[in-house]
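Nothing fancy with the numbering, it's 1 onward along the sequence.
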Amino acid sequence: MSGGDLPRAARPFVEFSTLLRENAFMVAPEQTEMFIAAVGLLGPRQMGDIHKAGLATLAPPPERREDFDALFRLHFLGQSIAAGEKAEDDEELQAFDEREGEMEPPEADEINEAGEQATGSEVLTLRQFADLAENEALRRFRKQAASRLPRRLTQRRAPARSGDRWNMRKLMRDAVKRDGEVMRLPQMARKTRQRRILLLIDVSGSMKQQTETHMRFAHALAAVSDHVEIFTLGTRLTRVTRALRLRRQEQALASAATLVADWDGGTRLGDALAAFLSVPRFAGFSRGALVIVLSDGLERGDPERLVEAVRALSRRAWKLAWLTPLAGDSGYVPQTAAISAIAPTLDRLGNGSGTAAICEEILTIARAA
């Protein structure tokens, strides 16, 4: 919806959310909708009511409360604010929900020539994927995944040969047909459905050689999973689920390429995971899900921030698997401080060295469960 299509009364609130995003606050579209709904429910009599609604729905981080209040006064009261001085190293990591794939990524001040070293600086680039045929490992995965991906019990029940409850309706119908004689006791069991899968793909420079493989696998997973969410991690967090659900692989990858701006750039895994968890809608995707992280774990941010984020993610997830290309060697032992620190928290630290290895790891997790 364009600015001209918005109801006049709603424009100040939508514009305030836009102002927050421009100042590195992470505000999802759903939060803007909740903000407008909250203001409508309150029927505010004074500006303080709108301020309280904004705090409750837009959820500014406690450490940035003063910035939020200053922007609120600027937008709604017309009060000027002093420009803050912020070091480049303290730049907030941005989170991006998926768009329609029609926008070009923002231009970067520097060009990423090689993208082979892990760094914490942000370098924005446009990625192009080669037109390659699907390999045999992905074809086998597509055939096996429907029946072998992890499942969970639902609250609904269905007739079954053995179960935990009698099927009283069928029992009574059979009894009526046979003049009250019961020949057998029909049973019911709880139905199952595919468990949600959350796939987080590291697209930083140190993962450049594996990025295309991982994106092609993500497209295959989106095709066979009923409930999947896919994000890329680097110096930004970007949701690419809708793009990768397109049926044709090359069209899906081309659409995803326009959404992600930090291909082959820096590595800020801890910040990216923290950003994911700070958006309520995104964090909800991980609850009870099989969470898979495809990354070498070469963190250039604060390792402790990564550890905290992984612990929080593990508490929400059903299983948390970290698949690294470095584990292709049978004698692999974690060497980096980040991977060593998070290893005890993970349900599995596995092999992510290629498509076949990733497919086998995921199906193994499902089989073990």
Side-chain angles (χ1 to χ4, degrees), residues 1-84 86 90-107 122 124 229 231-233 235-243 258-262 268 271-286:
M1 181 180 291
S2 65
D5 297 331
L6 285 172
R8 184 176 179 181
R11 289 180 191 173
F13 309 110
V14 175
E15 291 169 355
F16 179 55
S17 294
T18 302
L19 177 63
L20 290 176
R21 293 192 193 97
E22 291 173 350
N23 286 271
F25 283 86
M26 290 175 290
V27 180
E30 289 79 1
Q31 289 176 280
T32 303
E33 294 175 4
M34 289 190 294
F35 179 37
I36 297 173
V39 171
L41 289 173
L42 287 174
R45 298 181 179 180
Q46 55 187 355
M47 197 59 65
D49 295 336
I50 298 177
H51 183 254
K52 291 177 182 178
L55 289 176
T57 56
L58 303 178
E63 63 273 13
R64 299 201 63 197
R65 172 66 182 275
E66 292 183 2
D67 295 341
F68 179 88
D69 293 344
L71 290 171
F72 182 89
R73 293 193 298 270
L74 170 68
H75 184 74
F76 288 103
L77 302 176
Q79 298 179 6
S80 60
I81 58 175
K86 192 171 185 180
D90 295 331
E91 180 184 1
E92 289 287 332
L93 188 140
Q94 296 172 286
F96 295 86
D97 205 341
E98 54 200 348
R99 305 181 292 254
E100 296 300 326
E102 299 174 353
M103 297 178 62
E104 292 294 327
E107 295 182 359
E122 180 172 62
L124 309 182
E229 290 293 337
F231 290 78
T232 62
L233 313 173
T235 54
R236 297 184 173 201
L237 171 73
T238 310
R239 185 180 179 216
V240 293
T241 308
R242 186 183 301 172
T258 65
L259 297 178
V260 182
D262 56 337
R268 293 169 59 187
D271 291 336
L273 292 178
F276 173 86
L277 293 168
S278 69
V279 180
R281 179 171 176 241
F282 292 174
F285 294 149
S286 64

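Taking 4.5 Å as the limit, some side-chain heavy atom of V39 sits within range of a side-chain heavy atom of F13. Between V279 and R239, every side-chain heavy-atom pair lies at or beyond the 4.5 Å cut-off. By the 4.5 Å heavy-atom criterion applied to side chains, F276 and M26 are not counted as neighbours. Two residues are said to be in side-chain contact when any heavy atoms from C-beta on lie closer than 4.5 Å; N23 and D67 fail this criterion. Side-chain contact between F72 and M47 is present, with heavy atoms from C-beta onward closer than 4.5 Å.
Nearest approach of A272 to R236, heavy atoms of both residues: CB-O, 4.5 Å. Closest approach of T57 to Q31, counting heavy atoms only: O-NE2, 3.2 Å. Looking at every heavy atom in both residues, R64 comes nearest to A24 through NH1-O, 3.2 Å. Here the closest heavy-atom approach between residue S278 and residue A275 is recorded as OG-O, 2.8 Å.
With hydrogens and angles disregarded, no donor-acceptor distance shorter than 3.5 Å links the side chain of R65 to the backbone of P60. Proximity of a side-chain donor or acceptor of T18 to a complementary backbone N or O of V14 within less than 3.5 Å is detected.
Using bins of under 30°, 30° to 60° and over 60° for the plane-to-plane angle, the ring pair F35/F76 lands in the perpendicular bin.
A salt bridge between D69 and R73 is absent, with no side-chain N of the basic residue lying under 4.0 Å from a carboxylate O of the acidic one.
Within a 6.0 Å sphere centred on CD of E66, heavy atoms belonging to other residues, nucleotides or ligands number 12 at most.
Checked against T232 for a side chain to side chain contact (heavy atoms under 4.5 Å, CB included), the options L259, V260, L237 give a single hit: V260. Screening E15, E22, R21 for a side chain to side chain contact (heavy atoms under 4.5 Å, CB included) with L19, the sole residue that qualifies is E22.
The CG atom of L71 sits 6.5 Å away from the CZ atom of F16 when rounded to the nearest 0.5 Å. Note that CZ of F285 and CZ of F231 are 5.5 Å apart. Values are rounded to the nearest 0.5 Å. For the atom pair CD of Q46 and NZ of K52, the computed distance is 7.0 Å after rounding to the nearest 0.5 Å.
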